[in-house]
Structure formats: C-alpha cells, structure tokens
**Student:** 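Before anything else, here's the structure in question.
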Number of protein chains: 2
Amino acid sequence: MGWGKGKDVARGEGGKAGRLHEDRAAGGDGSRQAGTADLIAVLVAVTEGEPRVLAIRGGGSLPSGPFQLRHHSLQSGLRAWVESQTHHPLGYVEQLYTFADAARAGAAAADGPAISISYLALTREGPTAGADEPEWHTWYEYFPWEDRRDGGVALLDELIAPLLEAWAGEQDTPARRRRVALVFGRDGMPWHEELVLQRYELLWEAGLVAESRHRAGAGPLPGLAMVGDHRRILATGIARLRAKIKYRPVVFELLAPTFTLLELQRCVEAIAGRAVHKQNFRRLIEQQELVEPTGAVARETGGRPAKLFRFRRAVLEERAVAGTRVGVTRG
Amino acid sequence: MGWGKGKDVARGEGGKAGRLHEDRAAGGDGSRQAGTADLIAVLVAVTEGEPRVLAIRGGGSLPSGPFQLRHHSLQSGLRAWVESQTHHPLGYVEQLYTFADAARAGAAAADGPAISISYLALTREGPTAGADEPEWHTWYEYFPWEDRRDGGVALLDELIAPLLEAWAGEQDTPARRRRVALVFGRDGMPWHEELVLQRYELLWEAGLVAESRHRAGAGPLPGLAMVGDHRRILATGIARLRAKIKYRPVVFELLAPTFTLLELQRCVEAIAGRAVHKQNFRRLIEQQELVEPTGAVARETGGRPAKLFRFRRAVLEERAVAGTRVGVTRG
DNA sequence: CGGTATATGCTGATATCGAGCATAAGCGGA
DNA sequence: TCCGCTTATGCTCGATATCAGCATATACCG
C-alpha cells in the first residue's frame, strides 16, 4: 500500500492538549541523531457486534516490533510483525501517527530516542497464537465511557461527570468547564463519538486514568490501562476509524462477505458506539449503491428473513476518493 | 495551536495507486534496525492571492533536517530546523506522513534506511535568509494543472488529457480510463480539488513528470520538478490543506489579523485552486460566526469599501473539534 | 391464529446547498 | 452633477439531504 491518497493521506497534528502526552525525546548529548523506529498496530475486528482490538501480554500492550532493513517498506514491516506475532493476515492498513516515544527514550538512550510509527489495520477475527499471548479484547474494556449504544450514559453521569466537575472547579476560569462540555457532550453540547482521543487526554490531564503521572485522589476510572502510550494510540485508532466510516466504505473490511443490512448496521454501531436510525441507515446505504443483494436470505434473524447483501467492490474504484457516506445518524 | 484534534488527529491510508512510490527500504543485512529520521516541512503561506511554499536550493527541495536528541519532540525539532534555515517562525503545524525514503536508503545504508516524517506548516510570508537559498514559490509552479481559478482548463484539455488518453489506451481494460476520468474529472466526472496527490501519482505512473522512472516519449509536463519524493510530499501537503480548509478554520493562519471577506475568499480560492460563489461564501462564513467586524473599513477595494473583519479566536475552543465548514462552493 | 420480532417502504418537517437577482456605496470622468 | 464601473452586501428560490416517525410485510412460535 502506498503511503497515502488525497484527503486521507495522513492527518496529524500537534496540539495543546496533546502536548502533555507530546512525543518527546529525552535530552541527550544534543546533536546525535535519533535511533530506532518501532511499528505499532491497532488491529481491529468486529465480532458478534463487538468492536475488538488485538492486544498482547495480558491485554496491556499493542502488537509492535522494530522496523528492520529486511522490510521493504514500513507497511510491509508492520504486516510481517503482526503476522508473525498473531499468525493472522492483515487486510486494510493505514498509517496513524508518528511520535518520539517518551517511555522508551530512556531505555534506548544508547541508540537515541525511539520513533514509533502507529498504524490502524482492519481484519476479521481469527484464531491467534504467539509467544506474546495475543488476544482480542473488546475495545470498550479500555474505554467504557465510549460505548453509548444503549443510550447508557450512566457511567458518565454518575462517575465521570462529577469527577470532571471537581477537576474543572480547581481553576476559576471557565476554560476547563467548557472543554469538558465540548468534549464529553455536557451542558447541552452534543456528543461527538470521534473525540475519543480528546476525551482520553482530558481524563489523563485530570488524573483520572491509571496512566496519568499525577493521579487524582479518586483513583483511576474503570477501564483497562496499557503500557506507555498504548492506550493513547488505541484511542487515536478508534477515533480515526469512527471518523472514517462516515465517508469511506471501510466497514466492509470488517464484515463477512455477505451480510444483512442489520448486521452492517450493528457493525457500524459497534464502531461508532452509538445507535443509529434503522430506516435512514438503510436508505443511505441503498441509495449509495454500496451493496448489492446476493439473492439469498438469512432466516435466522428471529423475525422476517433478511435479504443478504454483498459489498460492491466496484465502488472502491468508482469512489476511490470522492465521498461515500455511511452516516451515523442517531437512532 | 491546540485546536486540531480528534477526527483530525491523523489520517492515513494505503492504496493501490500509491504502490509505485511506495516507501521502501533498500535491502541490507536484513535484521538490522532502521537508522536516522528526517523531518521535512511543507511550509505554506498565501501572499497577494497566491499560495506559496517555501523551497530551498533553487526551488528543488523542501526544507528538512535530521531529528536530533536535543529536540524535545518531533514538532519542536521541525520548528527548530525550519527556523534556523529560514529565520522565520512557524505557526500552525501538523504531521503529514512518515515513510522510509527510497532515495536516501542507499546513501545512508551505513545507518540503515532513512525515515522521513513530513509536516504541513502554515504561516505568513516574511523575509527569508539562509545558506540554502530559501525562497517562496507559488505552488502552481510545481502543479500548473491544479490552478483552475480562472476556470482555465486549457492545459488539461489541450496537453494533459490527450497524453493521458494515450496512456489509458495502452491497455484495453477500461480501468485506466476510469481512473483518469475520476481523478482528473474527465468524462463528465466532477473535479475534486483535493485529489492533488492522486493526480500527481497518476501522471508519475504515466511517465509524464520529470521524476518518473520510465518517462513517456512526450517528455515531462510543464511544472517544476523536485528532488526525490519532495514534489510528492508537496502534493500531499496541498491535498491535506485543501481538504482541511473545508471543515476547520485553518485559513486564518494564512491571513493578516484583519481582512475583508473578499480577501478571505481569495485566500480560500488560492488554496482550493477554484473560484467560489461569492454570496454563498459570505453566507457560510457569517452564519458560522467565524469572524467579527472590527468596525473599520478598507477603502482600497476599487469599489464600495469593504468591512474589515477579524477571526474570532474563541471558535478555536468552541469548536476545537466539531465541524466548521469553510465551504468551497463553485463560483 | 394471535403475539412477537425483524424487514422494508414511505412521508413530512427542517436544514443546507447552489445559483442567481437586486440593491448599496464607493470612484473617476463626462 | 450624473453616469458608468467596481466591489459590497442582502435576499430569494428551487433542488437535495437529513431527521424522526408511521405503516406495512413476512417470518417464527406457541
């Protein structure tokens, strides 16, 4: 895969909030060059309506490995690594972000700071095997507050919001409060599902996640922590995917070759973390001619049998670039 | 500039067309780690209605330099480098893409292949100075076919289209022809200004640009070439910027503190390379409350004096994330 | 045969988009 | 002073897309 196409090519940005987690190289003797490069993967699948991510070492790390000379390209290096660790081929792959890794900078000081290049990859779940205990985890284990498919804002309302309220109250400027409202959809602001990273960063700043350097007295929120910046990278991957399904037909990378419209919808909902309006979703999909009926029907639906569809591969070249919306309108 | 987060954080994608220019590490002894990392900048300004990019060495290279231990982060390394080469401070910065550089792989074989991390940066034009002859160039010098502000499709119609037609005719599958139509807006397909990279890649494949390994008999099209992948990186930056101005208020980084709506429009047009509908543009800008009047007017317009506006910095936090459209509707 | 569950089709209100008409307010010269 | 030119600015109208429901179809299960 080449490294980029048009508007998607790569978006990245440094920013204020991010600066806390900013890529950072430990000071050294100054003018020496940076050293090694690591490839790190956010590998996603959706199984039985649950969004899952491949993790290793008890769920605490994302699969990764060094970029080596024998790799013909960054992407093929990534593929090689993940496949060797998981015995599982990668489908769609796209670059996420590159940063100088703070955690490794010390350890690798001899070689200079480590550069990490992160990728998002989509597949379907299969058996895993490897020395590092690769396992699929529902990504909401890491970000419980991101799952709002049942409309459930209990965790947010009852636990997170009060803690954020307290954090915002530490300063008398309204800036923190506004940021909370914006990013977590409080005070009448709408919830934006793609702000996964901003929410994680805000919780990090507020000392509410295990990875925070300065933990708040309250102790960390529910949600599995990860090594180093890995949970942050995962957040970046989820955010990217949530944004991308809206205008590119990537969902199909996560589905079986044939599927019902409801299965497609459940897949989108799993990723977006919110329920969508069934009728409008169907209309959107059908009017875009993203799929075509196979002729067969699925009878195991529990109700009226559903037509089976397949993805029209042709759209990949028809609309390789132009917009293709798989809208996530509220349910 | 902390305001670009979330869905923007980083977008990248692999794709078929890009494979030709694939990031690639020269073969070596196999398991050795990759070596140095370079930072490379697409630095953009808009002056007198022209989009400009900073280039060095006679316009043939983008400013770049190695990432060193003394740099606290990748971004600050980039800032340091560009500022030392140009004596010019950087404003908004965002990461573009990371790749293993084919051209440098040989030269740097001792250290392993070079990794290049490219950035898009926005500023306003100022005096430049430096050993490497930094100069501002209108970016349409590199991509003449990308400027359609005057509706001028002469170059495309008269020169490029016939050559592409010939290239498409080399194969009897309709795939090439469809790709040309899609990417260059032929055969009734609409022109998508953000497909800068896809167009460059297609021309590269067709052997129509100077950087092509296999040049077509016709010789290269008009347009300055650059060293290595630099013109490709520039295309990536332009594409990113063209996509981004549509949903994020980044234009203002390129404007003087106060401006008329027409100046704002001209700036957007310069970037997008197409004319926009004046009244609708104003409506869009005003209804979004992106700007506020200063009270003063500019009388040098040649017609009725225009109100001066300033950017409402507040929107940076209000809509740090949510959509903000600076639409590019046809003029 | 009703009860339940899903599939699928359709409608009306609202917002947005694209294109154009019309008027306002400067300037310079006849 | 009035005319013609230029740019600024306000407003309308129709096409399209979005959002939220209502209604109907077709299964399975007892």
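Residue numbers begin at 1 in each chain, while the letters A, B, ... track the order of the sequences.
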**Student:** Could you tell me the separation between the CD atom of B/E286 and the P atom of D/dC11, rounded to a whole number of Å?
**Tutor:** 11 Å

**Student:** In dot-bracket form, how is DNA chain C paired, counting a Watson-Crick or G-U wobble pair only if both its distances are under 3.5 Å and using | for bases paired to another strand?
**Tutor:** ||||||||||||||||||||||||||||||

**Student:** Please determine whether a side-chain nitrogen of the Lys or Arg among A/E269 and A/R266 lies less than 4.0 Å from a carboxylate oxygen of the Asp or Glu.
**Tutor:** yes

**Student:** Is it the case that the side chains of B/Y92 and B/E94 hold a donor-acceptor pair, with the cut-off being a distance below 3.5 Å and no angle test?
**Tutor:** yes

**Student:** Distance check needed: D/dG21 C1' versus A/N280 CG, whole Å only.
**Tutor:** 9 Å

**Student:** With respect to the side chain of A/R299, which nucleotide from C/dG9, D/dT18, D/dC28 is positioned closest?
**Tutor:** D/dC28

**Student:** With sequence neighbours left out, write down each residue that passes side chain to side chain contact (heavy atoms under 4.5 Å, CB included) with B/E141, or none if nothing qualifies.
**Tutor:** B/H137, B/T138, B/L224

**Student:** How many Å lie between NE2 on A/H277 and C1' on C/dC10, as a whole number?
**Tutor:** 11 Å

**Student:** D/dG10 P sits how many Å from B/F281 CZ, rounded?
**Tutor:** 15 Å

**Student:** What distance do A/I271 atom CD1 and A/L122 atom CG have between them, rounded to the nearest 0.5 Å?
**Tutor:** 7.5 Å

**Student:** Give each protein N/O atom lying under 3.5 Å from an N/O atom of nucleotides 2-9 of chain D, with the pair distance.
**Tutor:**
unit_1: D/dT7; atom_1: O2; unit_2: B/R304; atom_2: N; d: 3.4
unit_1: D/dA8; atom_1: OP2; unit_2: B/K278; atom_2: NZ; d: 2.6
unit_1: D/dA8; atom_1: N3; unit_2: B/R304; atom_2: NH1; d: 3.4
unit_1: D/dT9; atom_1: OP1; unit_2: B/K307; atom_2: N; d: 3.1
unit_1: D/dT9; atom_1: OP2; unit_2: B/R282; atom_2: NH2; d: 2.7

**Student:** Looking at B/W191, does the NZ or CZ of B/R148 lie under 6.0 angstrom from its six-membered ring centre and within 45 degrees of the ring axis?
**Tutor:** yes

**Student:** What pairs with A/F311 under ring-ring contact (aromatic ring centres under 6.0 Å, His included), at least two apart in sequence or on another chain?
**Tutor:** A/F252

**Student:** Round to the nearest Å and state the distance from A/I285 atom CD1 to C/dA7 atom C1'.
**Tutor:** 16 Å

**Student:** For A/R304, give me all partners under side chain to side chain contact (heavy atoms under 4.5 Å, CB included), at least two apart in sequence or on another chain.
**Tutor:** none

**Student:** By side chain to side chain contact (heavy atoms under 4.5 Å, CB included), which residues pair with B/A296, not counting sequence neighbours?
**Tutor:** B/T294, B/L308

**Student:** Please report the distance, rounded to the nearest Å, between CZ in A/R283 and C1' in C/dC10.
**Tutor:** 10 Å

